[in-house]
Amino acid sequence: MTTPAWQYDEMTQIGTDYASEDEVRQYDERMGRFRDRAADADAIMEAIGLDHDHIVMEIGCGTAEFAIHASERCERVIAIDISPVMLEYARTKAAARGRANIDFIHAGFLGYKHAGAPLDAIVTELALHHLPDFWKLVALHRVAGMMRSDGMLYLKDVVFSLNLEKYEKTLTYAVEDLRKAAGDDTARNFERHIRQEYSTYDWIMEEMLYRAGFDIIDAAYGDHCLATYLCRKGERR
Ligand SMILES: C[S@@+](CC[C@H](N)C(=O)[O-])C[C@H]1O[C@@H](n2cnc3c(N)ncnc32)[C@H](O)[C@@H]1O
């Protein structure tokens, strides 16, 4: 079937495009400086109840820190990303860490076609904001369609939970806090994110999750700009 002319082109990156191995390595180092990747992965695996016989997918796996940690605890990880450079870096890192049960696939939220048993859990961190809102809901609907009923979704992203009367102050503080925690590069990336990428509001994200058929078990908002949702697949609404 040919792709309709109205289909969103998710393969063209918006905002920061990690197009070289050097940029990807720098991204990985930056993230390692202010995120405790092992502790974060442990917390996610605990939240989604990851079991040794589970198959879990990570969407927008980037440098694959979660995928690698999860692969040590479950049967198989499917790690997808639209960036061939990210995927190559992730493949090399996973091999260096002796992981052979991760399938790295060049695909995105809108194009990945799942074959095989329905997934036990899906994890996606800092990736959904690459899609405009219409396509976010299409993506979440597709995500639900790949999972078993009662399957778990862990979604973390930049989502705005701010008071619009004070949005300028809130965003300025958030950028400066990030500068202190992670340096100028990360602060500049976040400024570009706010300017160009498609992060949405908390109430829109919650409604989208609900409409895609997820029950939100827990929603946590940090610094008015970051959100994590732990969801269980329920009924389609
Ligand atoms: C900011 S990075 C986050 C990477 C990783 N999840 C993390 O937490 O460090 C965003 C990733 O999402 C990927 N991405 C962008 N659009 C995507 C899409 N439509 N489907 C899947 N991945 C996408 C990018 O290539 C990039 O690797």
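Just follow the structure's listing: the first ligand is 1, and inside any ligand the first atom is 1. All values below come from the heavy atoms of this structure, side chains included, with hydrogens, waters and symmetry mates left out. We're numbering straight along the sequence, starting at 1.
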Fill in: N/O separation below 3.5 Å, Phe109 to ligand 1
yes
Worksheet item: Hey, is Tyr27 one of the residues with a heavy atom under 4.0 angstrom from ligand 1?
Response: yes
Discussion item. Give me the nearest non-hydrogen protein atom to atom 21 (C) of ligand 1 as residue plus atom name, then the distance to 0.1 Å.
Written reply: Gly108 CA, 3.6 Å
Discussion item. Using 30° and 60° as the class boundaries, would you call the ring planes of Trp6 and Trp135 parallel, tilted or perpendicular?
Written reply: parallel
Worksheet item: Considering only heavy atoms of Ser83, which atoms of ligand 1 have at least one such atom less than 4.0 Å away?
Response: 25 (O)
Worksheet item: Quick one: does Leu131's side chain get under 4.5 Å of Tyr198's, heavy atoms only?
Response: no
Item to complete: Would you kindly specify which portion of Arg35 sits under 4.0 Å from ligand 1, judged on non-hydrogen atoms: side chain, backbone, both or neither?
Response: side chain
Worksheet item: So is Arg37 in contact with ligand 1, going by heavy-atom distances below 4.0 Å?
Response: yes
Worksheet item: Which is it for Ile102 and Phe104 under the side chain to side chain contact (heavy atoms under 4.5 Å, CB included) test, yes or no, and what are the steps along the way?
Response: CA-CA 6 Å; Ile102 310 175; Phe104 288 102; 3.7 Å; yes
Item to complete: If the plane angle is over 60° it's perpendicular, under 30° parallel, otherwise tilted; pick one for His114 and Tyr112.
Response: tilted
Worksheet item: N/O of Ala107 under 3.5 Å from N/O of ligand 1, yes or no?
Response: no
Worksheet item: Nearest to atom 5 (C) of ligand 1, what protein heavy atom do you find, and at what distance?
Response: Gly60 O, 3.5 Å
Worksheet item: Does Ile216 reach the side chain of Arg232, with side-chain heavy atoms less than 4.5 Å apart?
Response: no
Item to complete: Answer with side chain, backbone, both or neither: which part of His130 has a heavy atom less than 4.0 angstrom from an atom of ligand 1?
Response: side chain
Practice prompt. Name the closest protein heavy atom to atom 19 (N) of ligand 1, giving the residue it belongs to and the distance to 0.1 Å.
Written response: Glu10 OE1, 2.7 Å
Item to complete: Would you check if Glu191 and Ile194 make a side-chain contact, meaning some heavy-atom pair closer than 4.5 Å?
Response: no
Fill in: Ionic contact status for Asp28 with Lys93, cut-off 4.0 Å
yes
Response to the item:
Heavy-atom nearest pair, Val85 first then Val24, reads CG1-CG2, 3.8 Å
Fill in: Closest approach of any protein heavy atom to atom 12 (O) of ligand 1, naming residue and atom
Ala127 CB, 3.6 Å
Discussion item. Heavy-atom pairs closer than 4.0 Å: do any link ligand 1 to the side chain of Ala139, the backbone, both, or neither?
Written reply: neither
Worksheet item: Are Tyr229 and Tyr221 close enough that a side-chain donor and a side-chain acceptor fall under 3.5 Å?
Response: yes
Fill in: Residues Arg73 and Glu46 bridged, charged N to O under 4.0 Å
no
Discussion item. Any heavy-atom pair between the side chains of Phe214 and Lys233 that's under 4.5 Å?
Written reply: yes
Worksheet item: Does ligand 1 have an atom under 4.0 Å from some heavy atom of Met11?
Response: no
Worksheet item: Under 3.5 Å between some N or O of ligand 1 and some N or O of Asp81?
Response: yes
Worksheet item: For Gln13, is at least one N or O under 3.5 Å away from an N or O on ligand 1?
Response: yes
Worksheet entry | Residue, atom name and distance, where the atom is the protein heavy atom closest to atom 17 (C) of ligand 1 | Ile82 CG1, 3.7 Å
Practice prompt. Look at atom 10 (C) of ligand 1 and say which protein heavy atom is nearest, naming residue and atom and giving the distance to 0.1 Å.
Written response: Leu126 O, 3.3 Å
